[in-house]
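Labels below follow one simple rule: chain letters A, B, ... track the order of the sequence lines, proteins then strands, and each chain is numbered from 1. From a predicted model like this one, the values you see are computed outputs, not experimental measurements.
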There are 2 protein chains.
Amino acid sequence: MAAVDLSTHPGHLARRLQQAHSLLWGAMVSEETTSPQFAVLNALVEKPDIDQRTLSEHVHLDRSTIADVVARLVRRGLVERVRDPKDGRRNVLKLSEEGTRHHRKLVTRTARMNRVFLAPLEESEQETLLRLIARVADAAEELRG
Amino acid sequence: MAAVDLSTHPGHLARRLQQAHSLLWGAMVSEETTSPQFAVLNALVEKPDIDQRTLSEHVHLDRSTIADVVARLVRRGLVERVRDPKDGRRNVLKLSEEGTRHHRKLVTRTARMNRVFLAPLEESEQETLLRLIARVADAAEELRG
DNA sequence: ACGAATTAATCAGTGCACTGAGTATTTCTC
DNA sequence: GAGAAATACTCAGTGCACTGATTAATTCGT
């Protein structure tokens, strides 16, 4: 059996896309704060005082990964994590002052970066790309939600 | 500054897409052999006796990552790695008998899986998605080749 | 032919991401 | 109200992926 053309394999392309993205992120947005970390900060701007489980649903990361990512943000003083006195199983999360400042700074940079990243496409193609990826990802997450 | 809509961020979507893919891969293709490992096997079917550097260009993985992935495949007896007697810096790689058999088996499964993964899209949309991702990834890899 | 530059691989370190097992706490059921 | 079930988190283990530093081998320039 002959070799396969990997450029027709969505998984391979997805990996390359993500890789390329995280490289550009490091150059244009931040070397310390990664894209998943930004996703967490962003979710906490929108919904403060949520627990890790809710957070993990929001950013589509699993419970263990969230714990790691949050731990790093706590270590850097960007996020505060306290046991919920009402329910001793939950960690309640919120941004610190500095976390809020940091998020604000990154928002403008990510916008700039996204423009550069998608620059090879026409505006309509950019929208198509985002829409198609979202549909496939949504459907696949649906399969084993 | 308000929170951002992550569904307009290509990096976030790319991560979700890749995640969803690797989950489905585990269910439909193989639990032991990951998608990057398959990419390596596939490259060695196409080009036997290449070194790790050439391989890393082919599958778009960096030199360190390739070393890890290849080491796992060697450990499982799917790939053979020997020092090039002509050039003592290189490791020459090739598939073992079993590696070849294993690749053959996975080729049919990946085809089936790709159909399921992309099923939520029309055929023309599937092609569009692959083409657009490839263009963005190519361009970004170009930036820092 | 000899030292310098280049090239290939490895190693240490960090971070993302998952599974499966284990712990603690709350809630549900009788 | 006590035991069972469910929930939230943590921990250990594995794999992918990168950078920067190191080591070893070849090639290039003079």
In whole angstroms, the gap separating P of D/dC9 from CZ of A/R81 amounts to 10 Å

dist A/L44:CG -> A/I50:CD1 (nearest 0.5 Å) comes out at 5.5 Å

Taken to the nearest whole Å, CG/B/D87 to P/D/dT23 is 20 Å

Contact check, residues 20-43 of chain B vs DNA chain D, heavy-atom distance under 4.0 Å, returns B/T34, B/P36, B/Q37

Is A/R90 close enough to D/dC9 that one of its side-chain N or O atoms is under 4.0 Å from OP1 or OP2 there? no

Q) Looking only at side-chain N and O atoms, does B/Q52 come under 4.0 Å of OP1 or OP2 in C/dT10? A) yes

Let's go through A/D51 and A/T54 carefully: what are the C-alpha distance in whole Å and the side-chain angles of both, what is the deciding distance for side-chain hydrogen bond (donor to acceptor under 3.5 Å, both in side chains) to 0.1 Å, and is it a yes or a no?
CA-CA 6 Å; A/D51 60 275; A/T54 311; 2.9 Å; yes

For B/E32, is there an ion pair with B/R76 - N to carboxylate O distance below 4.0 angstrom?
no

Separation of D/dA25 atom P from B/D51 atom CG, nearest Å, is 16 Å

- With a non-hydrogen cut-off below 4.0 angstrom, is B/R16 in contact with a base, only sugar-phosphate, or nothing? nothing

Report task. Return no unless some side-chain N or O of A/R53 is found under 4.0 Å from OP1 or OP2 of D/dA8. Result -> yes

Nearest-nucleotide check on DNA chain C, A/D84 vs A/Q18; residue mapping nearer the 5' end is A/Q18

The answer to which of A/G88 and A/T65 contacts DNA chain C further toward the 5' end, by nearest nucleotide, is A/T65

Rounded to whole Å, CZ of A/R89 lies from C1' of D/dT10 at a distance of 15 Å

Expected rows: protein N/O vs nucleotides 11-13 of chain C N/O, under 3.5 Å:
unit_1 : atom_1 : unit_2 : atom_2 : d
C/dC11 : N4     : B/S64  : OG     : 2.7

Would you call B/D84 and B/R90 a salt bridge, using N to O less than 4.0 angstrom?
no

B/K86 NZ to C/dA8 P, in whole Å, measures 17 Å

B/N91 CG to D/dT23 C1', in whole Å, measures 14 Å

Can you find a donor-acceptor pair, distance only, under 3.5 Å between B/R63 side chain and D/dG20 base?
yes

Looking only at heavy atoms, the pair that brings B/V107 and B/T110 closest together is O-OG1, 2.8 Å

Please state whether the rings of A/H103 and A/F38 are parallel, tilted or perpendicular, taking 30° and 60° as the class boundaries.
parallel

Here the pair of heavy atoms bringing A/L106 nearest to A/S30 is CD2-CB, 4.2 Å

I'd like to check A/P10 versus B/N114 (side-chain heavy atoms, cut-off strictly below 4.5 Å). Are they in contact? yes

Test item: A/E125 and A/L129 side chains (from C-beta on) under 4.5 Å apart, heavy atoms
no

What one should report as the nearest heavy-atom pair of B/V59 and A/H12 is O-CE1, 3.5 Å

Rounded to whole Å, CG of A/D62 lies from C1' of D/dG15 at a distance of 14 Å

Taken to the nearest whole Å, CG/B/L17 to P/C/dA17 is 13 Å

